[in-house]
There are 2 protein chains.
Amino acid sequence: MTEKPIDNTTRLRLLKKAEILFAEKGFHAVGVREITKAAKCNLAAVNYHFGGKMNLYLEVFRSRWVPRARRIRHSFEEALQGQESPFIDDVVGALAHAFLEGPLTDEERRCHSQLMYRELANPTGALDLLAENVMQPFFMKLRNLLRPHLPEAIGDDRLLLGIISIIAMVIHFNFSREAVSRLTGRTYDPAFKARLVEHITEFSLKGLGGMNQQEQQP
Amino acid sequence: MTEKPIDNTTRLRLLKKAEILFAEKGFHAVGVREITKAAKCNLAAVNYHFGGKMNLYLEVFRSRWVPRARRIRHSFEEALQGQESPFIDDVVGALAHAFLEGPLTDEERRCHSQLMYRELANPTGALDLLAENVMQPFFMKLRNLLRPHLPEAIGDDRLLLGIISIIAMVIHFNFSREAVSRLTGRTYDPAFKARLVEHITEFSLKGLGGMNQQEQQP
DNA sequence: GTCTATAGCAGGATAGAC
DNA sequence: GTCTATCCTGCTATAGAC
């Protein structure tokens with residue numbers, strides 16, 4: 001599966017270019033010829049290094065997507081560092097920031113959410129990997145962070161729907177950039193992204209509980 | 001473009017089956033052979049009736065997707081019938097209902113949102129059609145309905161982001177059913193869909209303004 | 001490890017009989 | 001309008017030289 005960590009060689013170039021192309025066009029719309037040409041290597045390299053196009057695709061998720069998801073999660077957790085039981089708005093703000101501004105370059109971010117959404121749309125086996133190792137734990141983490149600050153009247157199921165809704169917004173604003181730009185007339189420059197983070201934070205905060213966080217401290 | 005309205009023939013069968021397959025697998029992942037086989041007609045029929053696979057795809061949007069979008073919109077507007085200036089919660093409730101329960105069968109609904117989201121992800125030319133003729137007008141309609149009930153402090157841009165967020169939720173809960181089921185442990189039965197409508201309505205209502213609509217009537 | 005060359009097959013499109 | 005047969009181009013995968 002994973003070879004030596006130090007190789008800036010064909011294998012790595014292939015993974016890099018393949019990821020971009022898969023994200024842009026989807027698995028079926030990209031050909032091996034296209035990938036190898038972009039990676040400036042030979043057609044046969046995909047089969048030599050990965051044993052086929054599908055395995056290359058899966059390896060993109062394993063060796064590039066998952067680590068990037070970890071970086072996002074770390075960014076999220078660092079923003080809350082030191083606070084054992086952060087306020088709701090801190091949690092939601094950190095979440096929106098991590099996904100929309102966060103540690104990734106804009107290109108990486110786009111790539112990341114496109115790949116994920118394509119996989120959600122068209123599960124090919126990589127979804128199991130993502131759901132179990134990345135999404136599920138993250139959702140549980142969020143639930144545990146938010147739970148103590150919400151009224152008990154809000155059941156766990158309701159909270160979970162709230163969290164899914166927040167993620168839905170984050171994904172949508174990242175993924176459907178073209179449509180969002182078309183509707184708002186704005187491009188994804190830093191100012192607009194900051195605006196989006198602000199919006200998502202505010203909207204979700206109100207949506208979740210509708211009350212000010214300070215009022216609920218015991 | 002559009003032929004006689006009465007033909008339950010090859011042409012119509014092709015459109016029906018093609019839509020389902022395109023929705024399930026995406027444009028590139030479906031072959032013409034697969035479509036014609038499903039429609040129980042000959043391979044050459046696609047080229048004869050539509051002049052190619054891509055034109056068939058576009059015609060699916062023109063003759064099936066757009067009319068269905070109209071039905072959703074009518075369902076939304078009927079739910080508000082008679083009220084010249086409905087309350088926010090009525091608007092949001094009608095919206096969530098129209099998309100998640102609404103006039104479509106569950107199969108149609110799935111098909112509909114899958115097609116849309118695939119097109120958002122991978123614009124092929126059909127997006128222009130959708131954005132200009134369906135989405136843009138609908139968003140404007142929503143904005144006009146919601147505006148009079150919100151404080152003036154909420155600018156048009158903020159309102160627009162709110163509307164996009166609501167749509168994002170609706171789409172997500174329709175589109176990523178597999179992931180949602182996995183996380184919540186629930187299937188999309190009528191009870192769960194009703195629960196989702198309730199959730200989206202509540203979450204959006206709070207998210208939009210955070211205040212009870214009755215308080216803002218002049 | 002990387003290349004060239006090619007096998008083997010599936011894709012969309014088309015010509016022409018009926 | 002619908003069929004069969006076929007073209008041609010694209011694909012993935014592999015064999016074997018270097």
Side-chain angles (χ1 to χ4, degrees), chain A residues 1-63 118-119 122 124-126, chain B residues 1-63 115 118-119 122-126:
Chain A
M1 299 287 162
T2 42
E3 326 263 282
K4 299 159 198 163
I6 337 122
D7 56 340
N8 191 352
T9 48
T10 309
R11 183 188 160 86
L12 198 67
R13 288 204 314 280
L14 273 172
L15 282 168
K16 279 186 176 177
K17 294 298 185 181
E19 178 178 37
I20 295 170
L21 289 167
F22 282 141
E24 273 176 4
K25 306 182 165 191
F27 180 77
H28 294 283
V30 187
V32 173
R33 280 172 172 77
E34 196 176 353
I35 298 171
T36 51
K37 196 175 158 191
K40 294 191 209 305
C41 69
N42 190 268
L43 174 62
V46 164
N47 277 289
Y48 175 76
H49 284 284
F50 304 97
K53 184 188 174 187
M54 178 53 84
N55 279 332
L56 168 58
Y57 180 73
L58 292 175
E59 189 59 27
V60 162
F61 275 91
R62 276 193 286 265
S63 73
R118 288 193 190 283
E119 191 54 29
N122 225 351
T124 57
Chain B
M1 299 288 161
T2 43
E3 324 264 281
K4 299 159 197 164
I6 338 123
D7 55 340
N8 191 350
T9 49
T10 309
R11 183 189 160 85
L12 198 66
R13 286 204 316 278
L14 273 173
L15 282 169
K16 279 185 177 178
K17 294 297 185 180
E19 178 179 36
I20 294 170
L21 289 168
F22 283 143
E24 274 176 2
K25 306 182 165 193
F27 181 77
H28 294 284
V30 188
V32 173
R33 281 170 173 82
E34 195 177 354
I35 298 170
T36 51
K37 197 176 159 191
K40 294 192 209 304
C41 70
N42 191 268
L43 173 63
V46 165
N47 277 290
Y48 175 75
H49 284 283
F50 304 97
K53 182 187 173 186
M54 178 54 83
N55 279 333
L56 168 58
Y57 179 74
L58 292 176
E59 189 58 29
V60 162
F61 276 92
R62 274 192 288 264
S63 73
L115 273 178
R118 287 193 190 283
E119 190 55 29
N122 224 351
T124 58

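Just the heavy atoms: all of them, side chains too, but no hydrogens, waters or symmetry mates, feed the values below. Order of the sequence lines sets the chain letters (A, B, ...), proteins ahead of strands, with each chain counted from 1.
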Atom [atom1] of [X] to atom [atom2] of [N]: distance rounded to whole Å?
| X | N | atom1 | atom2 | answer |
| --- | --- | --- | --- | --- |
| B:L43 | D:dG1 | CG | P | 19 Å |
| A:M54 | D:dA13 | CE | P | 10 Å |
| A:E34 | D:dC11 | CD | C1' | 12 Å |
| A:R11 | C:dC3 | CZ | P | 16 Å |
| B:N55 | C:dT14 | CG | C1' | 16 Å |
| B:F22 | C:dG12 | CZ | P | 9 Å |
| B:Y57 | C:dA13 | OH | P | 15 Å |
| B:H49 | D:dG1 | NE2 | P | 7 Å |

| Minimum heavy-atom distance A:L15-A:S63, with the two atoms named | CD1-OG, 3.6 Å
| request: Work out which heavy atom in A:A18 is nearest to a heavy atom in A:V60; give both atom names and the distance. | output: CB-CG2, 4.1 Å
Should [X] be listed as having a side-chain N or O under 4.0 Å from OP1 or OP2 of [N]?
| X | N | answer |
| --- | --- | --- |
| B:T10 | D:dG1 | no |
| A:N42 | C:dG1 | no |
| A:H28 | D:dC11 | no |
| B:N47 | C:dG12 | no |

| request: Specify the angle, to 10°, made by the local axes at the two ends of the helix from C:dG1-D:dC18 to C:dC18-D:dG1 when five pairs are taken at each end. | output: 0°
From the list [options], which nucleotide is the closest neighbour of the side chain of [X]?
| X | options | result |
| --- | --- | --- |
| A:K53 | D:dA13, C:dA13, C:dT2 | D:dA13 |
| A:C41 | C:dC3, C:dG12, D:dT12 | C:dC3 |
| B:R33 | D:dT4, D:dC11, C:dG11 | C:dG11 |
| A:A44 | D:dA15, C:dT2, D:dA13 | D:dA15 |

Return all side-chain donor-acceptor pairs below 3.5 angstrom for residues 21-35 of chain A, not counting sequence neighbours, or 'none' if the list is empty.
| unit_1 | atom_1 | unit_2 | atom_2 | d |
| --- | --- | --- | --- | --- |
| A:K25 | NZ | A:E34 | OE2 | 2.6 |

| said: Please compare B:G52 and A:K40 by the position of their nearest nucleotide in DNA chain C and report the one closer to 5'. | reply: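 Taking each residue's closest nucleotide, the earlier one in sequence belongs to A:K40.
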| said: Side chains of B:T10 and B:N42, heavy atoms from C-beta outward: is any pair under 4.5 Å? | reply: no
| Are any of the side-chain heavy atoms of B:L56 and B:H49 separated by less than 4.5 Å? |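 Not touching, per the 4.5 Å side-chain cut-off.
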| request: Count the heavy atoms of every other residue, nucleotide or ligand shown that sit under 6.0 Å from NZ of A:K17, and state whether that count exceeds 12. | output: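 Atom NZ in A:K17 is not packed in, count stays at 12 or less.
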| said: Between B:E119 and B:T124 (side chain of the first, backbone of the second, donor and acceptor by atom type, cut-off under 3.5 Å), is there such a pair? | reply: yes
